[in-house]
**Q** 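Before I ask anything, let me first share the structure, which is written out below as structure tokens.
Order of the sequence lines fixes the chain letters, A, B, ..., with proteins taken first and strands second; residue numbering starts at 1 for each chain.
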Amino acid sequence: MSHLSDDTMDRARQLVELYPHPRSALVPLCHLAQEQDGWLTPEAIAEIAELVGVSPAEVHGTASFYDMLHTEPVGRYVVAVCTNIACMLRGAYELLEHVEQRLGTGVGGTSPDGLFTVEDAECLADCGRAPCVAVNHRFFGDVTAQRFDALVDDLVAGRLDDEVPPHGTLIRVRRHGGLRVGADQVAAERRAMAERAAAAKAAEAAEAEAEAAAAKDAAAEEAAKDAAAAADGADEAHGADEADEADDVRPADGGS
Amino acid sequence: MADPVVTSHHARAPEAAPGDVVRVTIDGRVVEASPGQFLIAVAEQAGTFIPRFCYHPRMKPVGMCRMCLVEVAGPRGATLQPACYLPVTDGMEVVTTSDKVRKAQDGVLEFLLVNHPLDCPVCDKGGECPLQDQVLSYGPGESRFVEEKRHWAKPTPISDLVLLDRERCIQCGRCVRFAAEVSGEAEIDFAGRGDQVEVAIFEKQPFSSYFSGNTVQICPVGALTATPYRFTARPWDVEQVESTCTTCALGCRVAVQSSANRFTRMLGVDSDPVNQSWLCDKGRFASASASSPDRLTEPLVREDSGELRPATWEHALSTVARRLAAARDEHGAASIGLIGGARLTNEDAYAWCRLAKGVLGTDSVDCQLGDGLPAELVLGLPRATLDDARTAKVVVVVSGDVRDELPVLFLRLRQAVVDGGTRLVELGSVPGSLGTLDVAVGHRAGDAPAVARALAARGACPAGVDPVQWGEALSALSVAGEDGAGVVVLVGRPSLAEHSSVAAATARVLAGAWPAARFLPVLRRGNVFGALDMGLAPGLLPGRVTLDAGRDWFSAAWGQVPARSGLDCAGMLGAATDGTLAALVLVGADPLGDFPDRGLADQALEQAPFVVAVDGFLSPSAARADVVLPVPLAHERSGTTTNVEGRVTRVAQKLVAPGQSWPDWVVAVELAARLGCDLPYSSVSDLWDEIEQLSSAHRGLTRSVLDSLAQRDGVLVPLAGTPVVLSRRPPAPIDPIATPGIESVERQGAPLRAGLAEPLGGSDDEAVVAAAAAAVRGERAEVTAGRGEPAEAGPQVGPEPLRAGAGGPETAAAGAPAAPAGSPGALEGQAAEGQAAAPSAEGSPPERHQRPAMLRALPEAPVPALPPTDGYGLRLVARRTLYDDGVAVDVNEHLASLVPPLQARFHPADLAPSAGPERSLRIRLRSRRGVVTVDALADPSVARGTVVVPFNVGGDGAEGGAARLIGADDVVVDVRMETVAP
């Protein structure tokens, strides 16, 4: 039994299929796992590592780099308060202080009821409505202490369940592996890509062979020329011509 | 095949034709280099040192630490660029000492010290620390930072052997890169971001790599420390010698460090042909076992009461001599058997070989314990070098897991497969570490000869093999020649539950089908190849010659050699149980732990009338002996050792053995004396001189050659016939930052090569090499030693010509034939009657006694018939693990906990009927020989119908482990599973 649900596993495999290198799917897979559990459990990390063919330490290392990926348990709602300049000028620091007081925990902590985790964030790209707050990646602008308290009450009462999904949900519209293409199309593209790579490799090998043959011809020519050199006088250009001709042959070979 | 990811942070040097030269101006000097070389290396070769932290010559550059910034002229003027990451190009102009560069260096170091705790006085690295040294040389002198440094819990264990102090870490990434790039086990990685970056393990998976100690060795600060070394010494207190690790047969070059006769640490020396500075953890840390309080310190003799009691050497040796003489006189020399010898140096092995074959007259001598390959096969196969294996087109593996048997060979081959494009095909019942890198063909144990035959013929997929795997294997092989050109075969024992004849037949099949292939025998025990070269095997004499081929030559030199071939280890143990073996000598051998048939070993030791053990520890077998003689171990003796490719390197003494230990060769000489034969050796050098004079394989390999600086990495034997005879260039000096501990100590006045008897300067090397080459060509008369003295002149060999004593009839013979021998170079070391003149001056025809020809032909190895599968059903595969119940691990507090549990791995389908959903249960394995209780584990990589058990690993109430199930004569072992009531 895997820790990741069957549905998550299916989507994860589709995502891995999308990329030429499985490890490219690492971060998307972390988001998938986080959607399931709200954070990246060690079990999920181990399974992601297996899916993309890297070590669990590498998955953990990558996940720990990004603020949006959590390697520690979080509350149902992760409240990110923007403290970047626009919000700061509009009272973000005071707001953050209030958030901490209201939820009973500091930045990075989770409220005693286990519902809320507080974060300070860099720009959330909602400067027009500064100071702004994101709850589970959903934005709330022009937040004041009173409005924040109301937001918390709404969340606790479940009045915002349609708007704010549980933590980890980035999108609510499922797509095939995150893109609007079917698995068949992905597979076909992968096949075509592999064929192109094989053809390129074969061309390269043929080219190397032609080059070797040309070198050999040139050497033979050289030797023959040396033998005849005494009578013939210096005719350096001849050997070079041969090599040039061999070069000319190459593109035709490579194209086959 | 590994995922061919090209991560963007690896600089790729432009392709360049060999022979191209680019000219680079470094600080006004024009330097020539090959295109694609990185600037930092080019500058170093030209004598300009550019400071660095993250750069390591054996890993890909990343340009992370920015310490190597230099000014490089470009189209937009001179800019600062990292020298470690910049391939040289023609016309490049570089300045390494400008004000701009100095300012950059100041800045980088100031930043590195922002969070560095500066706890140098209590740091293991203090005194040999690249950060300390480079701050002194290139730093600004003082810091402008007054802020609080970051704090972490410290130290945190990241494995049983390695501790991490994150505060000291400067994020150079050497350890992380080693794990991912070199060992391929990325169990550590950077975590976090910005000033919170730390090296971290995944919480559920410690850094359990067999190679974790290397990260400690290359850490340029004190962030990674080894549990065994931590707080045991300061760099300025330790002394060191360069030596060779003899934990396995790979022969890694090492620096052995000690303080006040206590082993402190071992570091890998960058030896290009062998270990390229890496070591395995067993090699690195097991040497500390020699300092164990369990060491034998005095001879022990079993009293009439049945107890082993301390005795004097005189009493112990005369007891042994009396019993051996009695056995020889009453039952004939063939009733004496000698097992072991792979622990010995070449010189020790030679002395023991001469004692057994030339003095006692028995040929029942075996340095392998039924866990290797037939000796004549090992010596007869065309041997590959490690470089051959690394550059092969295809490597075919038919052996146990190389990572467990010869760990650093795994690193070299992994590099070849991952970076070098070498294809690899592994045959076996369970995929090993190498097979998982490329193609692993699974088959049932015992079928290897048939599968190998089909593979060599590129034939149809044999029964029982997955067709997909087979197709992959054939496609991998397609790059090799039909005759095996470009193929290197690693041949060993894939399972100790499979008779050696199966492995031998496999090797024979491949050697027959592929005349152009080369072979690397995977035998793991210390100096087993040296012992084989010295004749410690039935039917062989020193120098890779057979008993018959060398009979005349060695009879003349030694007085006698055995008339007939003797028994191998299994034969000797069998003879002990049927009463035909009168005495058994165990030279560093522990048949109870290592012989595959525990029942037979038990019975043999029980029934052998007289057993003498020559060992450093009271191993389980030694504890059953009648006399135990204590000897020095690894770094307590000097001499030479021979590795898997036939490379002879020096083993230097660093420690004094505890108590009254005597070197093995001294024990042999003393025993011979008490048996009425004075062997003419008074030092290790005497022994080597005789080896050089008598052995066909070591001809020309004089002490001057071995001691020369240019041959520091050792010499491949035999000298004749190998394409590369001798190196004319000394190896590159040790990189002060790549391997900090070694360089620092060297600089502090304890020369690394203190172990060399007589280090020669570079100018002498040419003469030495010329002399050796001449010797190989047979021009003995013109051979000159390094100092220009005639080598033939005898007197320099010893203060007095060594001569045989006047003992019994065979002793007289030992000296006398020297004169008739009179052959080129023979026996001048022991020229009887003090003849100092060169033997050739006597005018005896040189062809009368030619050195015997070396073994070339392969012995026949018929494919053994497999017994029908009976009611037992599951085929047993017993595999070596790096850490097992061997005594060196057992007495080592740091390694003992790393021995894996006694678990049997099954294919899930084989386990399903009995196992519950938890997939693990306690079961009994029963074979025709015995029964063992183990934990069963489902493992999808195991083939159906196979059960895999680690060898020489015991469990609760399972002493002997897998060996209890195996019979010495069984071709394969079938077992059945029985459930144990919970």
**Q** So which residue, A:A46, A:S64, A:A63, ends up with the most heavy-atom pairs under 4.5 Å with chain B?
**A** A:S64
**Q** Just wondering, are more than 12 heavy atoms of other shown residues or ligands nearer than 6.0 Å to CD in A:E43?
**A**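 It does: A:E43 CD has more than 12 such atoms within range.
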**Q** Taking all non-hydrogen atoms of both residues, which atom of A:H60 and which atom of B:A191 are closest, and how far apart?
**A**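 Scanning both residues completely, I find the closest heavy atoms to be CE1-CB, 3.8 Å.
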**Q** Do the side chains of B:F202 and A:S55 get nearer than 4.5 Å, heavy atoms only?
**A** no
**Q** Heavy-atom pairs under 4.5 Å with chain B - which of A:G61, A:A49, A:S24, A:P42 has more of them than the others?
**A** A:P42
**Q** May I ask you to check whether over 12 heavy atoms, not counting those of A:I85, lie within 6.0 Å of atom CD1?
**A**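 Count not over threshold, so no.
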**Q** Side chain, backbone, both or neither: which part of B:Q205 has an atom under 4.5 Å from a heavy atom of chain A?
**A** side chain
**Q** At what distance, to the nearest 0.5 angstrom, does CD1 of B:I188 lie from CD of A:E58?
**A** 10.5 Å
**Q** Counting only heavy atoms not in A:E204, do more than 12 sit closer than 6.0 Å to its CD atom?
**A**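 No, not enclosed.
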**Q** Using side-chain heavy atoms (C-beta onward) and a distance below 4.5 Å, is A:I45 in contact with B:K204?
**A** no
